[in-house]
Protein chains: 2
Amino acid sequence: MTGHVPPPLRPPEARTTLPLAPTGEPPQLRADAARNRTRLLDAASRLLTECGAANLTMESVAAAAGVGKGTVFRRFGDRAGLLLALLDHREEQLQAAFLSGPPPLGPGAPAAERLHAFGPAVLRHERNQHPLILASRTDPLRNYTVPAHHLRLSHITMLLRRADVAGDPELLAHTLLGSIDTALVHHLTEERGIPLERLEEGWHHLVTRLGATR
Amino acid sequence: MTGHVPPPLRPPEARTTLPLAPTGEPPQLRADAARNRTRLLDAASRLLTECGAANLTMESVAAAAGVGKGTVFRRFGDRAGLLLALLDHREEQLQAAFLSGPPPLGPGAPAAERLHAFGPAVLRHERNQHPLILASRTDPLRNYTVPAHHLRLSHITMLLRRADVAGDPELLAHTLLGSIDTALVHHLTEERGIPLERLEEGWHHLVTRLGATR
DNA sequence: GACATAAGTGGACCGCAGTCCGCTTAAGTG
DNA sequence: CACTTAAGCGGACTGCGGTCCACTTATGTC
């Protein structure tokens with residue numbers, strides 16, 4: 001979840017040494033690269049609060065971090081990649097909460113309960129990050145390939161199965177996630193003036209209707 | 001639905017003449033402007049099939065239509081506006097089908113039937129336009145303000161009410177539309193290899209589960 | 001410590017979206 | 001038809017995302 005290294009560029013490289021830990025890839029950066037990475041993230045996060053997402057240019061981030069523009073792109077691939085990396089840290093907290101946190105969101109509660117708790121948790125988690133999240137959504141398809149989304153999706157799918165909800169679990173999971181998608185939520189709350197509470201009620205109603213009774 | 005005139009720029013202009021028809025705005029273009037508009041749309045549509053959406057630049061469209069670049073922007077606002085205008089014509093056919101076409105999609109059938117018919121109709125309508133639709137989605141919020149989306153939304157909302165579906169009709173309508181959103185459908189069919197038929201089944205299941213029995 | 005090399009760096013460069021503003025022209029008015 | 005004016009026009013210009021490649025450097029090896 002953590003290391004965004006879009007251009008791994010490492011050739012297929014048939015492993016000669018057996019992997020001690022089953023790490024998919026070694027995201028280990030060279031010392032200077034790792035230092036520049038954190039510098040860039042710090043600079044970006046500072047500029048973000050100072051100037052807003054709209055005024056955050058790749059060049060300004062590079063300048064603020066004291067590195068060249070090319071370095072930013074090499075590390076994060078593109079602008080969306082940088083913004084996604086900024087979101088990543090926060091996302092880990094949410095993930096920890098639903099993967100291993102206390103019930104009803106975390107394990108320990110019945111699947112239906114966890115399902116009910118999931119929507120409000122996401123809504124509240126993203127509540128203050130709408131601008132950044134929206135700014136990271138340039139390509140409408142990219143969202144589906146982001147690791148964070150994948151994790152949420154498989155989590156919901158798993159809960160739907162465990163709760164014995166009828167229907168296609170994968171499609172239902174997509175639909176559920178779609179109903180609390182940031183863009184939609186932002187539109188409903190900001191443009192239409194619908195309070196978050198009503199969205200939470202909507203989530204509960206939907207989950208109930210799909211057959212996950214509390 | 002038809003006239004995209006993003007920069008009307010007409011000042012508040014307290015009407016002195018009473019409007020004979022209650023037209024919100026006069027989208028009537030000057031003769032030369034109207035001619036250039038169709039020229040631009042023709043050129044764009046030609047370039048689109050020849051080079052694909054990705055290679056469609058505003059400058060190339062302008063050149064192909066024999067007008068200046070500024071004219072394209074004045075008429076369509078931005079790139080997305082041009083692409084949306086291209087989609088508009090096709091969209092009208094779909095609208096005609098669910099607003100005044102034959103049942104079960106059009107009026108005449110019970111609301112639940114129409115609801116069931118709506119999903120497959122949209123899926124099939126958009127089937128061949130994914131690239132163009134996706135290319136028009138730059139701003140994740142814009143979709144919600146597009147007239148076509150608004151119309152679909154209020155249509156679904158109306159059907160949900162008439163079918164006496166329990167819950168918040170507006171939120172449910174958003175959720176239903178989200179479940180057949182182009183980006184999602186494209187991802188599921190192209191990336192995940194899920195056939196359209198399965199998506200249609202998913203739609204029927206969802207609508208049924210929400211309480212609209214056939 | 002000398003060496004090899006893969007990884008990292010930075011800034012010149014490119015293409016395109018979008019803006020600006022002085023010029024042109026369609027279309028009412030008398 | 002002469003005149004007025006608001007709408008339209010076009011292309012130079014700006015700013016940013018993204019690419020490229022010659023140069024530098026960290027790191028493992030002997």
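Naming: A, B, ... by sequence-line order, numbering from 1 per chain.
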If you restrict it to nitrogen or oxygen atoms, what contacts under 3.5 Å exist between nucleotides 19-25 of chain D and the protein, and what is each distance?
| from | atom 1 | to | atom 2 | distance (Å) |
| --- | --- | --- | --- | --- |
| D/dT25 | O2 | A/Arg30 | NH1 | 3.2 |

Exercise. Provide, to the nearest angstrom, the distance between the CZ atom belonging to B/Arg74 and the P atom belonging to C/dA26.
Key: 15 Å
Practice problem: Grab the CG-C1' distance between B/Asp78 and C/dT19 for me, whole Å please. | Solution: 13 Å
Practice problem: Write down the distance between CZ (B/Phe76) and C1' (C/dT19), rounded to a whole number of angstrom. | Solution: 18 Å
Quiz item: CG/B/Leu83 to CG/B/Leu48 distance, rounded to the nearest 0.5 angstrom?
Solution: 7.5 Å
Quiz item: Separation of B/Arg79 atom CZ from D/dG17 atom P, in whole Å?
Solution: 17 Å
Quiz item: Under the side chain to side chain contact (heavy atoms under 4.5 Å, CB included) test, which residues partner A/Glu59, sequence neighbours left out?
Solution: A/Thr57, A/Lys69
Quiz item: Do B/Thr182 and B/Glu126 have side-chain atoms, one donor and one acceptor, less than 3.5 Å apart?
Solution: yes
Quiz item: D/dG8 phosphate, OP1 or OP2: any side-chain N/O from B/Asn36 under 4.0 angstrom?
Solution: no
Practice problem: Check whether any side-chain nitrogen or oxygen of B/Arg35 sits under 4.0 Å from OP1 or OP2 of C/dA26, and answer yes or no. | Solution: no
Quiz item: Quick check: does any side chain N or O of B/Gln129 sit under 3.5 Å from a backbone N or O of B/His125, one acting as donor and the other as acceptor?
Solution: yes
Exercise. On DNA chain D, check which nucleotide each of A/Leu56 and A/Ala31 is closest to and give me the residue with the more 5' one.
Key: A/Leu56
Quiz item: Once you round it to whole Å, what is the distance between P of D/dG18 and CG of A/Asp139?
Solution: 11 Å
Practice problem: Report the distance from atom CZ of A/Arg75 to atom P of C/dA7, rounded to the nearest whole Å. | Solution: 11 Å
Quiz item: Do the ring centers of B/His155 and B/Phe118 come within less than 6.0 Å of each other?
Solution: yes
Quiz item: Just how far, in rounded Å, is C1' of C/dG8 from CZ of A/Arg39?
Solution: 14 Å
Self-check item: Protein-nucleotide distance (B/Leu29, atom CG; C/dA27, atom C1'), rounded to Å
Solution: 14 Å
Quiz item: Does a side-chain N-to-carboxylate-O contact under 4.0 Å join B/Glu91 and B/Arg152?
Solution: yes
Quiz item: Below 4.0 angstrom from OP1 or OP2 of D/dG8, is there any side-chain N or O of B/Thr71?
Solution: no
Exercise. Answer yes or no: are there more than 12 heavy-atom neighbours, outside B/Arg46 itself, under 6.0 Å from its atom CZ?
Key: yes
Practice problem: Between A/Gly68 and B/Met58, just flag the one whose closest nucleotide in DNA chain C comes earlier from the 5' side. | Solution: A/Gly68
